[in-house]
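Order of listing sets the numbers, starting from 1, for every ligand and every atom in it.
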Amino acid sequence: MTDLTTTLIHHPYVPPTGFAAPQPGVFKASTVIFPNVAAMRGFEWKDKSAYTYGLHGTPTTYTLEERLCTLEGGLQCLLLPSGLAAIACVALSLLKAGDEVLIPDNAYGPSRALAEGELKAWGITHQFYDPMQPQDLAARISAKTRMVWLEAAGSVTLEFPDLCELVRVCQARGVLTALDNTWGAGLAFAAFDLNPGRSPALAVDISIHALTKYPSGGGDVLMGSVITRNPALHTKLKLTHMRLGFGVGANDVEAVLRALPSLMLRYQAHDQAARALACWCQGRSEFAQVLHPALTESPGHTHWRSLCRSEAGGAAGLFSVIFPARYGQDQIDAFCDALNLFKLGYSWGGPMSLVVPYDLASMRSAWPAYLEPGTLVRFSVGLEAVADLQADLEQALQKLVLTT
Ligand SMILES: *Cc1c(COP(=O)(O)O)cnc(C)c1O
């Protein structure tokens with residue numbers, strides 16, 4: 001080769017093998033080079049035995065997938081560009097016109113919106129069930145029911161369902177279960193081993209995560225995963241994943257790979273801080289209710305206690321409060337605005353504490369009897385010092401009381 005441009009593109013240098021470092025190398029590719037035509041025609045990508053195209057996997061995506069399988073106790077994993085894309089991929093892969101999907105009434109909002117928008121338009125019906133009443137779920141299952149979504153805990157109202165019983169209800173009727181396990185992060189409980197040591201073993205069919213939250217840990221990456229333990233189910237999901245082009249960027253995968261080793265430590269720290277602040281809030285007169293599954297008074301606490309580790313690491317860093325009706329929305333908005341360390345923003349799992357006032361009545365079909373009437377505010381506790389966060393809540397509450 002004579003032309004410098006050509007030489008720079010087809011450069012002969014190959015670095016020595018055997019390089020080792022704490023972090024795995026990052027491979028970025030749309031195009032993957034084949035050694036010959038036979039390989040190009042024959043390479044199989046579905047079982048990860050080779051590489052064919054960036055969308056079908058690289059050493060970087062395979063590495064994260066395998067680590068996430070280990071974390072979750074799963075066997076197969078798909079990566080997607082967001083947690084919501086993971087939810088959508090499951091729905092689009094497994095549901096067809098005429099099917100019905102059942103969704104908990106406390107589900108992640110955009111998951112409801114997907115059912116009410118695209119799924120409905122495509123002839124896939126849905127019903128919302130009360131996650132705290134397994135008999136309500138059982139009553140809604142019909143011959144049309146193809147899949148049931150599960151969430152534990154609800155990510156805004158933090159009630160903890162009897163997950164084992166909900167899964168048993170579905171299994172008895174031969175209905176697929178898909179868990180949005182973002183809150184548990186694969187740490188609070190084992191989605192594929194819900195009743196350890198007992199028989200018959202109990203597991204969900206599919207576990208999805210918004211890696212955007214704790215696995216990324218930075219508030220700077222959007223990614224999702226779909227984990228299974230069934231090769232046929234995985235292949236069905238993987239084909240949809242491929243046909244819909246749900247690729248992820250190698251730099252984002254690298255960010256999650258880098259954050260994964262500290263996931264347990266961070267999750268424990270978020271948990272510990274959130275429990276401390278939720279307890280403190282419980283002692284304040286401004287709140288009608290404090291929602292955190294580790295609080296004995298919180299809805300579903302006994303289910304949380306029987307499924308999750310009781311020590312730090314058995315709950316995420318989320319808790320919500322309900323302000324009684326004596327505080328108007330303006331006052332509650334002003335309370336949120338008065339917070340300095342808790343920033344106004346969606347999502348969670350990063351180092352910075354966040355706060356969101358929710359209009360709960362507009363988010364679910366019915367106001368559950370286990371929630372006090374009032375206005376809900378959710379806190380996502382970051383990694384700041386608990387004393388500083390408590391002082392921040394206290395000064396904002398002081399301003400709230402002054403306006404009453
Ligand atoms: C954030 C979140 C999602 C969606 O994740 P994105 O990456 O933001 O799309 C899904 N489920 C739950 C419970 C979440 O908190």
A.B. asks: What residues form a side chain to side chain contact (heavy atoms under 4.5 Å, CB included) with R284, not counting sequence neighbours?
C.D. replies: W280, E286, F287, E394, L397
A.B. asks: Going by atom types only, do H10 and T6 share a side-chain donor-acceptor pair under 3.5 Å?
C.D. replies: no
A.B. asks: Just checking, is any N or O donor in the side chain of E151 or Y108 under 3.5 Å from an acceptor N or O on the other one?
C.D. replies: no
A.B. asks: Consider only side-chain N and O atoms of T125 and K120, and report whether a donor and an acceptor are under 3.5 Å apart.
C.D. replies: no
A.B. asks: List below, pair by pair, the N or O atoms of ligand 1 and of the protein that are less than 3.5 Å apart, including the distance to 0.1 Å; reply 'none' if no pair qualifies.
C.D. replies:
unit_1	atom_1	unit_2	atom_2	d
ligand 1	7 (O)	G83	N	2.7
ligand 1	7 (O)	T212	OG1	2.5
ligand 1	9 (O)	G83	N	3.2
ligand 1	9 (O)	L84	N	2.8
ligand 1	11 (N)	D180	OD2	2.5
ligand 1	15 (O)	K213	NZ	2.4

A.B. asks: Strictly below 4.0 Å, N to O, side chains only: are E118 and R112 in salt-bridge contact?
C.D. replies: no
A.B. asks: So, does E159 use its side chain to make a donor-acceptor pair with the main chain of P368 at under 3.5 Å?
C.D. replies: no
